Undergrad: 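Below you'll find the structure I mean.
Every chain is numbered from 1 and lettered A, B, ... according to where its sequence line falls, protein lines coming before strand lines. Note that the coordinates shown come from a computational prediction; the quantities given were computed from them, not determined experimentally.
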Amino acid sequence: MRRIFLLFIIFVLAGSYAFAQSCTQRLKDAEADFEAGKLTKIPDQLNNCLKTGGFSAEEEIRARKLLTLVYIFMDDESNAEDAFISLLRKDPEHDIDETDPQEFKSFYKQFQVDPILRISGKISTNLTNVNILQEYSPNGSTGDGEATTYSYGTGFGFEATADKYLGKGFEVSGGPQFRLSHFNVAGEVTGEDDYAVSYKFSMAALRVPVMMRYVFWAENVERKKVLPYVFAGLSADYLLKAGTKTTKRDGGIPFSDDLDFKKLDVIRPWNYSLLYGVGAKLRVKKVHFITFEARYDNSRRNFIKGNNRYVNPEISFDLANDPFDFHTNHISFSAGLNISLYNPKRLISE
Amino acid sequence: MMKFTAYLFIIFTIIISSCVQPDEDSPAQEELFVKYYGVGADNEVVGIAQGANENTWILYGTTFTEDETPRPYLLEVNNAGTELKNNLADSAYRKLFEGFTGSVYPVKVKLDEGNEEYLVAGYYEYRVAGNDIYGGFWGTISKSDLTANLHKIDSMRIKDIIRTTEADGVDKYLLLCEANNLYKKGQVVPSSKGVDIVLSKRDMNDSVYWEKNHGFEGEDQGVSIFEKSNGHLIVVGYTEEENEYKGTNVFTLETTERGTSDLGSVVKGVTSLGNEGQINDDIPYSVIENNGSYSIVGEINKADGSRAGFYMQIGADAIPYISYELDSDYSKDCGLYAATLGSGNGVVAVGTVYDFNARKNEGYLTRLSATGKEESLDQHYGTISGNDAAKAIITLPDGDLLVGLTIAFGENSDKKMALLRLNKNGELKN
């Protein structure tokens with residue numbers, strides 16, 4: 001039984017090899033016939049192998065291009081279109097050779113060859129700095145106390161974007177992003193070390209950045225391996241959560257409750273940001289990319305609802321720290337995968 | 001199309017980047033603030049007063065020095081609540097109490113508008129050979145540099161001070177004191193009737209013009225003194241005198257300009273809500289002039305252990321004609337320690353609301369009128385960790401309220417002085 005099974009495997013493999021050899025030869029024959037002007041038999045020669053998958057990937061591209069050429073020269077528009085679309089599906093953004101017939105080049109221009117969209121997934125780390133618009137320190141004393149200090153905090157994010165190429169190197173990009181960020185605050189209640197306040201201010205935001213990107217060498221025929229880009233844009237930002245973490249007010253009975261500023265209605269959930277950055281796309285598999293990006297985000301609205309600054313005793317008295325008016329600045333570094341999506345179709349019918 | 005989209009996007013981005021949204025609803029620090037002050041772990045508010053100009057204020061309180069003894073602490077703040085200077089290093093104070101190891105308690109601060117000075121008063125205590133010794137201090141503090149000109153008096157606690165109107169051009173000061181001595185014709189003899197209210201008129205050379213006792217059997221204590229336009233004096237205090245009201249009650253009197261009480265005195269109790277038969281102690285804490293009459297706020301300590309604020313109004317003749325017990329919006333015990341005339345005709349009073357759920361005692365603000373408390377407008381302030389109390393309040397020219405609180409960050413000590421600038425309703429919002 002085992003011997004019979006092995007014989008069956010060998011038979012199948014041998015058969016496949018023989019069939020492949022046969023398709024390779026048929027393609028060579030068809031190319032020879034095309035050069036000789038014998039067009040009528042070529043579709044039959046190639047279609048069987050295309051249907052049965054007898055070509056290698058490179059051969060299939062040659063075969064589909066040859067079929068397209070044959071149908072063009074036979075004035076069979078319908079089949080030429082089908083063959084070319086099949087070619088583009090197999091070989092997106094198929095490159096034209098300088099030696100290609102002019103008829104093929106003209107035909108090529110009638111099709112949507114470029115990706116309809118590129119989609120990206122990115123993960124990022126960020127550094128967040130707070131930009132103080134107005135301080136509201138609870139420390140009324142001007143003695144030996146130190147000013148409130150604010151320092152960077154780290155966070156992370158992930159993002160999905162869709163990119164639409166507009167032409168001449170410009171593309172518009174946008175999509176949802178989740179960003180977790182924080183910065184650190186440390187101050188004194190009355191200018192004495194033993195009455196000190198410190199906390200991390202944490203912000204979880206759902207954002208929708210939209211940006212205009214200029215990609216260098218985007219239309220370079222050589223398909224460069226690295227495509228640097230610069231971009232600028234805007235983002236609508238919605239805070240899912242914001243408040244203090246690792247909260248600590250020393251002095252007396254220490255207060256250590258983390259305070260949810262959104263629940264306490266002290267923080268504006270909506271904001272918008274300006275963003276700028278640079279990046280690079282590293283080409284993988286001809287039309288897909290790995291991206292690396294550095295981005296600067298700057299929120300534009302004061303986050304604090306000024307009229308509610310003091311209305312929560314938890315903030316003004318228990319923590320003894322008045323919410324200060326602020327924007328945030330974020331520097332983020334991301335890495336991601338950029339996939340091109342195609343829908344080849346004829347745009348112009350002659 | 002591509003170019004148009006790109007240009008549109010760039011123009012839109014530039015427009016957005018150039019217009020940062022202003023914070024329309026963010027009040028300036030000169031409109032609202034919460035500020036803390038203090039030296040060491042224990043500080044308490046005593047009073048606040050208008051400062052050297054309309055944009056500065058004086059906060060007066062007690063701070064405890066490193067050897068745990070209390071001493072006065074006066075500081076000037078600007079209209080954003082930031083300390084400009086204080087007199088903790090004042091040489092006059094140090095000279096007055098040089099070598100003194102007892103306690104010094106400030107009681108009153110007020111602006112003397114005519115003399116570019118603040119008037120201050122208080123008392124000191126110490127213990128010698130098992131005996132409690134006490135005395136008072138009073139004086140003036142310069143508006144410009146907070147330097148003090150202070151004086152001590154033996155055996156009298158000073159509770160209030162005014163500068164009297166004089167024709168001879170010599171500044172004289174009337175001190176509202178309490179003592180258990182009798183002061184008669186320059187002679188001082190121990191009183192057999194307990195503590196009395198004593199009025200003492202003096203000048204900066206420590207010349208004593210006259211001293212007069214007022215009161216009954218038992219404890220009689222002064223709270224506030226006012227000079228009327230005719231030179232007569234209005235005195236408000238409290239007494240243990242036994243009368244129809246029982247317990248401790250409000251004691252009001254009008255005297256001549258020489259402090260004689262031949263114009264009469266009244267002892268008045270506050271009718272308690274729901275337990276009229278109880279013997280309560282009605283303690284007044286603050287008195288303000290109110291359009292020719294005087295408004296008194298205080299606390300009723302009831303026989304059943306509960307407490308309530310009260311309001312009393314007396315006429316220009318010192319006769320009470322309105323009094324009622326306060327029922328806070330929070331349905332909690334409360335007490336009132338200071339008052340000011342609000343931007344309307346009503347009185348805004350502050351104090352403490354007791355056992356405010358998990359927040360312990362909270363600073364408390366309520367609005368009162370001759371006809372009763374305005375409902376649903378009470379406010380509270382303070383920490384969850386300690387017992388907080390509002391001790392002082394003034395109305396600012398624009399109607400805002402400035403409240404001084406003792407904020408407790410711990411159980412017993414760990415107290416800071418706090419200054420709150422509130423809107424006219426007592427809220428920490430515009």
Undergrad: I'd like to know whether A:Phe317 forms a side-chain contact (heavy atoms from CB on, under 4.5 Å) with B:Glu362, so could you lay out the CA-CA distance, the side-chain angles of the two residues, the decisive distance to 0.1 Å, and finally the verdict.
TA: CA-CA 11 Å; A:Phe317 299 105; B:Glu362 287 273 280; over 6 Å; no

Undergrad: With a 6.0 Å cut-off (strictly less than), is the heavy-atom count around NZ of B:Lys424, excluding the residue itself, greater than 12?
TA: no

Undergrad: What is the distance from atom CG of A:Asp250 to atom CZ of B:Phe409, rounded to the nearest 0.5 Å?
TA: 11.5 Å

Undergrad: Please name all residues satisfying ring pair (Phe, Tyr, Trp, His ring centres under 6.0 Å) with B:Tyr337, sequence neighbours left out, ordered by chain then number.
TA: B:Tyr285

Undergrad: Tell me, for B:Leu32 versus chain A, whether the close heavy atoms (under 4.5 Å) come from the side chain, the backbone, both or neither.
TA: both

Undergrad: What are the two closest non-hydrogen atoms of A:Asp322 and B:Val34, and how far apart are they?
TA: OD2-O, 3.2 Å

Undergrad: Which bit of A:Asp318 comes within less than 4.5 Å of chain B, counting heavy atoms only: side chain, backbone, both or neither?
TA: both

Undergrad: Can you see which heavy atom on A:Tyr195 is nearest to which on B:Lys415, and at what distance?
TA: OH-N, 4.4 Å

Undergrad: Please report the interatomic distance OG(A:Ser137) to NZ(B:Lys35), rounded to the nearest 0.5 Å.
TA: 5.0 Å

Undergrad: About how many Å separate CG of B:Leu428 and CG of A:Asn308, when rounded to the nearest 0.5 Å?
TA: 11.0 Å

Undergrad: Which pair of heavy atoms, one from A:Asn307 and one from B:Asn430, lies closest together, and at what distance?
TA: OD1-N, 2.5 Å

Undergrad: Output the option from B:Ala80, B:Gly38, B:Gly81 having the highest count of non-hydrogen pairs under 4.5 Å with chain A.
TA: B:Gly38

Undergrad: Check each atom of B:Leu59 against the heavy atoms of chain A and say whether the ones under 4.5 Å are side chain, backbone, both or neither.
TA: neither

Undergrad: Between B:Glu411 and chain A, with a heavy-atom cut-off of 4.5 Å, which part of the residue counts as in contact: side chain, backbone, both or neither?
TA: both

Undergrad: Please flag which part of A:Gln134 lies under 4.5 Å from any non-hydrogen atom of chain B: side chain, backbone, both or neither.
TA: side chain

Undergrad: Give me the contact list for residues 41-58 of chain B versus chain A, heavy atoms only, anything under 4.5 Å, ordered by residue number.
TA: B:Ala41

Undergrad: Given that the side chain runs from C-beta out, which part of A:Tyr214 has a heavy atom under 4.5 Å from chain B: side chain, backbone, both or neither?
TA: neither

Undergrad: Indicate yes or no: at least one non-hydrogen side-chain atom of A:Val311 is less than 4.5 angstrom from one of B:Glu427.
TA: no

Undergrad: Can you name the closest pair of heavy atoms from B:Gly382 and A:Pro313 and give their distance?
TA: O-CB, 3.9 Å

